[in-house]
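Worksheet: the structure to be examined is printed underneath.
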Amino acid sequence: MPELPEVETVVRSLRGVLTGRHIQAWQIFWPRSLDDPELPATLQQQADNRITGLTRRAKWILVLFANGSRIGIHLRMTGRLYPVSMQEWPTLDKHLISWAWQLDESEWLVFADQRRFGRTIWLPDENSYNAFNARFGPEPLGRKFTTASLFRALQGSRRQIKPWLLDQTRIAGLGNIYVDESLWLAQIHPQTATNLVPPKQAQLLRDSIRKVLRRAIAANGTTFMNFKFLSGSEGGYTDELLVFRRQGQPCPRCQGLIERIQVAQRSTHFCPQCQPWLVRS
DNA sequence: TCGAATGTTGCGAA
DNA sequence: TTTCGCAACATTCG
């Protein structure tokens, strides 16, 4: 359950649950999910383990501690992060769980992950956080994601636009679903070379990305098989998808048939009729 | 049995 | 230097 809106949904739903709590114990079921095997011991040695907040950067969940250290959690394809009561905890099937924190008042925070791709990293200080932060491009919903900066960046590359948008060093947080949706809304063919996108289309693309992400966040994300936030609630954006996994169905804009092709090893959905190869302004 | 699945990384070859 | 394809990670589902 992986893209920006789903991660944002998890962060918002867990912020109130985690803020102010302490991690009393850490149970590890899949050690490889930890970037640093010493992380649990390191955390225990911290004088103050109070969680002061929860934020998101790209598709990472960041848990903030009182002394300025952070833990980053990436859900990858199938990760889920949710609280579980003390009563419920013993009944859980542990083989799907990568790790779990025991919080104050005897609640558990579970990181369950069917495919076990999810990762957890340790950012002890500002230096490590800055290095982490530098790995990503601008947040698409942030102030720095302007039409001018997007157009400039597009001019600097000759790659196909779809893999370019998926590249987290260019824009942070977009994944396969929302790239297809955004390109459809902006009427840009996914294989268009980035440097051939005219300024007007760049503006439309920037606005489309923000519109799609905002609507998805408002709907609590998209649910396929694995994404559920908190205990079992489903994301509502699944019903609002206009092209993703709708191959063979009529385009909502022009009634052409949605096609599915491979672009950069990812399944890609678009309308060949109203997303021409290259759009001129 | 094979292929594909919301993601990321690293390697080697154009 | 940039871009691209592929494998790997691990598991389930159709």
Side-chain angles (χ1 to χ4, degrees), chain A residues 1-11 29-35 56-61 72-81 93-99 111-121 131-132 134-137 140 153-184 190-196 209 212-213 215-217 219-229 234-248 260-269:
Chain A
M1 45 87 100
E3 302 183 39
L4 186 155
E6 290 74 36
V7 178
E8 183 66 28
T9 299
V10 172
V11 165
F29 299 94
W30 186 252
R32 289 180 61 178
S33 68
L34 300 183
D35 176 57
R56 178 191 57 75
R57 174 62 170 133
K59 299 171 192 170
W60 286 85
I61 297 162
I73 301 165
H74 199 301
L75 303 167
R76 292 287 181 93
M77 301 284 273
T78 58
R80 292 178 54 195
L81 199 61
D93 184 0
K94 306 295 190 297
H95 90 271
L96 291 178
I97 299 178
S98 288
W99 53 252
F111 181 23
D113 186 15
Q114 192 166 66
R115 282 174 73 175
R116 303 199 245 233
F117 282 178
R119 290 296 177 263
T120 305
I121 61 171
F132 163 83
R135 290 161 40 190
F136 306 107
L154 290 170
Q155 287 293 106
S157 167
R158 300 180 181 189
R159 294 171 71 185
Q160 296 179 333
I161 193 156
K162 169 146 186 182
W164 192 91
L165 291 172
L166 288 172
D167 183 345
Q168 302 296 296
T169 69
R170 303 296 175 178
I171 300 174
L174 294 180
N176 209 31
I177 298 174
Y178 299 112
V179 164
D180 281 6
E181 295 294 314
S182 300
L183 287 173
W184 179 84
Q191 290 175 303
T192 306
T194 59
N195 59 329
L196 298 183
I209 288 170
V212 165
L213 293 178
R215 291 197 54 143
I217 290 171
N220 290 322
T222 299
T223 302
F224 288 129
M225 46 278 211
N226 292 292
F227 168 59
K228 295 185 176 184
F229 62 96
E234 308 213 333
Y237 201 72
T238 315
D239 297 330
E240 298 187 43
L241 295 175
L242 296 173
V243 283
F244 194 78
R245 294 195 184 170
R246 296 181 73 92
Q247 60 271 21
R260 181 180 133 160
I261 60 174
Q262 290 289 121
V263 179
Q265 297 84 49
R266 306 300 301 276
S267 71
T268 298
H269 314 75

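Throughout, protein chains are lettered first and strands after them, A, B, ... in sequence-line order, and every chain is numbered starting at 1.
- The side-chain hydrogen bond (donor to acceptor under 3.5 Å, both in side chains) search around Arg215(A) returns Glu240(A), not counting sequence neighbours.
- Shown here are the salt bridge (charged side-chain N to carboxylate O under 4.0 Å, His left out) partners of Arg159(A), two or more places apart in sequence or in another chain: Asp167(A).
- Put simply, His74(A) has a side-chain N or O that comes within less than 4.0 Å of OP1 or OP2 on dT8(B).
- When the C1' atom of dT8(B) is taken as reference, atom CG of Leu75(A) falls 13 Å away, rounded to whole Å.
- Consecutive pairing runs in DNA chain C reach the stem threshold at B:2-5 with C:11-14, B:7-14 with C:2-9, where a stem means at least three Watson-Crick or G-U wobble pairs with distances under 3.5 Å.
- Comparing dC2(B) with dA7(C), their P atoms are spaced 15 Å from each other, to the whole Å.
- Across all strands shown, Arg115(A) has heavy atoms under 4.0 Å from base atoms, whether or not it also approaches the sugar-phosphate.
- Between Arg159(A) atom CZ and dC4(C) atom P there is a gap of 6 Å when expressed in whole angstrom units.
- Straight-line distance from the CD atom of Glu3(A) to the P atom of dT6(B): 9 Å, rounded to whole Å.
- Among the heavy atoms of the strands lying under 4.0 Å from Arg32(A) are primed sugar atoms or P, OP1, OP2 only; no base atom is included.
- Taking atom NZ of Lys59(A) as the reference point, atom C1' of dG7(B) lies 6 Å away to the nearest angstrom.
- When the side-chain nitrogen and oxygen atoms of Arg260(A) are compared with OP1 and OP2 of dA5(B), one or more of them lie within a distance under 4.0 Å.
- Taking side-chain N and O atoms only, Thr222(A) has no distance below 4.0 Å to OP1 or OP2 of dT6(B).
- Regarding Arg245(A), its CZ atom lies at a distance of 13 Å from the P atom of dA4(B), rounded to whole Å.
- Rounding to whole angstrom units, CD1 of residue Ile61(A) and P of dT8(B) are separated by 13 Å.
- Here Trp30(A) lies in heavy-atom contact (under 4.0 Å) with sugar-phosphate atoms only.
- Contact annotation: Ser157(A) reaches the phosphate of dT3(C) (side-chain N/O to OP1 or OP2, under 4.0 Å).
- With sequence neighbours excluded, the residues forming a side-chain contact (heavy atoms from CB on, under 4.5 Å) with Arg32(A) are Trp30(A), listed by chain and number.
- Atom name C1', nucleotides dC4(C) and dT6(B): the rounded distance is 22 Å, in whole Å.
- Aromatic stacking of Phe117(A) on dA10(C): not satisfied for centres closer than 5.5 Å together with planes under 30 degrees.
- Taking atom CG on Asp113(A) and atom P on dT8(B), their separation rounds to 13 Å, with Å as the unit.
- Here Ala153(A) pairs with Trp164(A) under the side-chain contact (heavy atoms from CB on, under 4.5 Å) rule; sequence neighbours left out.
- In this structure, Asp180(A) contributes its side chain and Phe244(A) its backbone to no donor-acceptor pair below 3.5 Å.
- The closest donor-acceptor contact from the side chain of Lys59(A) to the backbone of Pro5(A) lies at 3.5 Å or more, if one exists at all.
- Remark: Gln155(A) pairs with Phe151(A) by the side-chain contact (heavy atoms from CB on, under 4.5 Å) rule, at least two apart or across chains.
- Between Tyr178(A) and Tyr237(A), the ring centre distance stays below 6.0 Å.
- In this entry the distance linking CG of Leu4(A) with C1' of dT8(B) reads 16 Å, nearest Å.
- Comparing dC6(C), dT8(B), dT12(C) against the side chain of Gln265(A) picks out dC6(C) as the nearest.
- Residues satisfying the side-chain hydrogen bond (donor to acceptor under 3.5 Å, both in side chains) criterion with Ser33(A), sequence neighbours excluded, are absent altogether.
- Applying the side-chain contact (heavy atoms from CB on, under 4.5 Å) criterion to Leu242(A), with sequence neighbours excluded, gives Glu181(A), Trp184(A), Pro252(A).
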Strictly under 3.5 Å: I want the nitrogen or oxygen pairs between protein and nucleotides 9-14 of chain B, one per line.
unit_1: dT9(B); atom_1: OP1; unit_2: Arg135(A); atom_2: NH2; d: 3.1

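- Only the P atoms considered, dT12(C) is 22 Å distant from dT8(B), to the nearest whole Å.
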